[in-house]
Amino acid sequence: MEGAALPEHRDWENLRKDQLPSALLQLLKTGFTHCSSKVLEFFPADQGGGKMLLELQDGQRIETVLIEHAGPKPRSTVCVSSQIGCKMGCSFCATGTMGLRGQLSAGEILEQLFHAKRFARSEAPVRNVVFMGMGEPLDNYENVIAAVKVMPEHAFGLALKNVTISTVGVMGRIRALGSEFPFAGPNLALSLHAPTQELRRPLVPSAKGLPLTELMREVDDYGELTGSKVMMEYILIADVNSSESCAHQLGELLANCRALVMLNVIPYNPTVSGEVNGYRPPTDAECRKFKFIVAEYRRRWDAPGNAGADGQAGAPVLCTVRWSTVPGQVR
Ligand SMILES: C[S@@+](CC[C@H](N)C(=O)[O-])C[C@H]1O[C@@H](n2cnc3c(N)ncnc32)[C@H](O)[C@@H]1O
Ligand code: SF4
């Protein structure tokens with residue numbers, strides 16, 4: 001199919017500032033097949049999918065990962081970047097060591113889907129998008145929201161329930177996201193990683209500007225605004241946040257959420273961040289024990305006739321634990 005040529009560089013810059021996404025929609029309607037970014041290299045993964053190294057028009061580079069899921073109905077997930085680098089500085093994350101080098105425009109976020117679609121096998125079409133590549137999506141709020149709003153349209157054809165925004169939290173923006181999509185919006189994943197502010201601060205330095213109590217209030221408000229579940233992500237790092245007492249504190253914290261939450265425990269993956277701060281992944285036994293303790297809190301709240309966190313008998317299920325061993329799926 002012959003595509004419409006992109007405007008000259010100067011015009012494209014203007015588009016990025018104030019005309020997206022309506023201008024982008026126009027381009028899509030006319031058969032937009034040219035991208036401002038290009039794939040420099042594709043590293044295929046053994047199990048299907050792979051990692052793309054992209055170059056933006058200003059020469060900066062980002063990564064996009066295509067993950068193929070096997071099964072009776074194979075499908076693919078695209079793990080997109082929202083920024084070049086990240087300023088949040090999480091102590092276990094490779095991107096955090098880069099600092100923030102630039103924001104991606106809505107168009108550059110969407111282009112990652114175009115590229116990924118080209119590499120996805122036709123037997124495993126792209127169905128899901130996760131904002132789990134480089135960057136903090138809520139620190140590039142407007143461009144991310146503009147891109148997400150286009151995803152169900154035209155060539156993308158993605159259901160918003162299959163789009164997940166992962167965040168460490170930025171003051172006021174989880175609540176704003178809830179107001180933006182009160183019904184049938186994208187999923188929210190909160191990178192929690194610690195059950196107390198004291199422990200979270202060194203792992204997620206940006207927590208200084210958003211204390212845990214306030215963060216959890218935003219999550220509760222998000223739950224109320226959207227009626228959606230929130231996925232809590234917890235990277236388990238041996239001897240850092242993996243103790244039994246951490247598991248109990250986490251169980252308490254989640255059981256006291258008003259929002260419905262699921263917990264995704266992810267063993268720390270040194271291959272994606274390199275050896276940093278002497279961090280080690282936990283053993284399988286440590287993972288199982290941690291999960292078992294947190295799950296006990298779920299059972300406690302699940303028991304019929306039990307008082308919930310708000311003291312009301314028969315409160316709904318407050319915490320569902322989903323066990324995951326998918327390091328490498330994320331960066
Ligand atoms: C790279 S971040 C991007 C999205 C957003 N900034 C966030 O932190 O949620 C996506 C996920 O990758 C996880 N991650 C980063 N470094 C990791 C590592 N070394 N091992 C396992 N997961 C890691 C993060 O904790 C987060 O849950
Ligand atoms: S984990 Fe997310 S927020 Fe933290 S440094 Fe990495 S990309 Fe940024």
Side-chain angles (χ1 to χ4, degrees), residues 1 3-4 6 15-16 18-37 39 49 52 54 56 62-69 73-83 103-120 122 124-167 173-174 176-189 222 225-231 329-331:
M1 178 173 57
L6 275 178
L15 283 178
R16 284 175 53 171
D18 44 42
Q19 287 175 275
L20 283 175
S22 59
L24 182 66
L25 280 173
Q26 272 317 111
L27 285 172
L28 289 169
K29 278 178 190 156
T30 56
F32 173 53
T33 57
H34 298 174
C35 287
S36 68
S37 57
V39 180
M52 290 182 284
L54 303 188
L56 307 176
I62 55 164
E63 281 175 8
T64 306
V65 181
L66 181 66
I67 304 149
E68 191 174 310
H69 309 277
K73 265 193 174 176
R75 66 198 193 290
S76 297
T77 295
V78 189
C79 178
V80 293
S81 294
S82 54
Q83 297 183 309
Q103 302 283 20
L104 295 189
S105 67
E108 286 164 339
I109 293 169
L110 292 167
E111 284 181 12
Q112 296 174 64
L113 304 188
F114 269 113
H115 293 307
K117 276 178 168 239
R118 278 176 36 222
F119 286 99
S122 56
V126 170
R127 292 275 180 263
N128 301 71
V129 175
V130 291
F131 280 84
M132 291 190 182
M134 269 184 184
E136 169 45 57
L138 297 191
D139 188 40
N140 186 13
Y141 187 82
E142 282 174 13
N143 286 316
V144 166
I145 298 301
V148 167
K149 285 185 173 168
V150 176
M151 287 180 189
E153 309 276 344
H154 307 282
F156 301 109
L158 290 158
L160 284 188
K161 68 176 169 49
N162 295 336
V163 176
T164 299
I165 296 180
S166 176
T167 178
R173 302 225 172 128
I174 291 181
L177 186 67
S179 313
E180 198 87 48
F181 299 99
F183 304 105
N187 302 299
L188 175 68
Y222 177 90
L225 285 160
T226 62
S228 306
K229 276 193 215 113
V230 178
M231 169 69 74
Q329 173 186 330
V330 289
R331 293 194 75 257

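- Between the CG atom in L188 and the CD1 atom in I165 there is a gap of 7.5 Å [rounded to 0.5 Å].
- By the 4.5 Å heavy-atom criterion applied to side chains, I109 and V144 are counted as neighbours.
- Of all the heavy atoms in L138 and R173, the pair that sits closest is O-NH1, 2.7 Å.
- Inter-residue side-chain proximity for L104 and N143 is flagged as unmet; no heavy-atom pair is nearer than 4.5 Å.
- Once rounded to the nearest 0.5 Å, the distance linking CD1 of I145 with CG of L177 reads 5.0 Å.
- Remark: the S37 side chain and the E108 side chain contain no N/O donor-acceptor pair separated by less than 3.5 Å.
- A heavy-atom distance below 4.5 Å is not found between the side chains of V129 and V148.
- Contact detail for P137 and S166: the closest heavy-atom pair is CG-O, 3.0 Å.
- Distance check: M151 CE to L110 CG gives 5.5 Å after rounding to the nearest 0.5 Å.
- Contact annotation: the side chain of M231 never approaches that of N187 to less than 4.5 Å [non-hydrogen atoms, C-beta and beyond].
- In this structure, H115 and L54 have side chains that are in contact, with non-hydrogen atoms separated by less than 4.5 Å.
- A 4.5 Å side-chain heavy-atom check between F131 and V163 finds at least one atom pair inside the cut-off.
- Note that OG1 of T167 is 3.5 Å distant from CD of E136, once rounded to the nearest 0.5 Å.
- Residues Q112 and M52 fail the side-chain proximity criterion, which asks for heavy atoms closer than 4.5 Å.
- Side chains of V230 and I174 form no contact here, defined as non-hydrogen atoms less than 4.5 Å apart.
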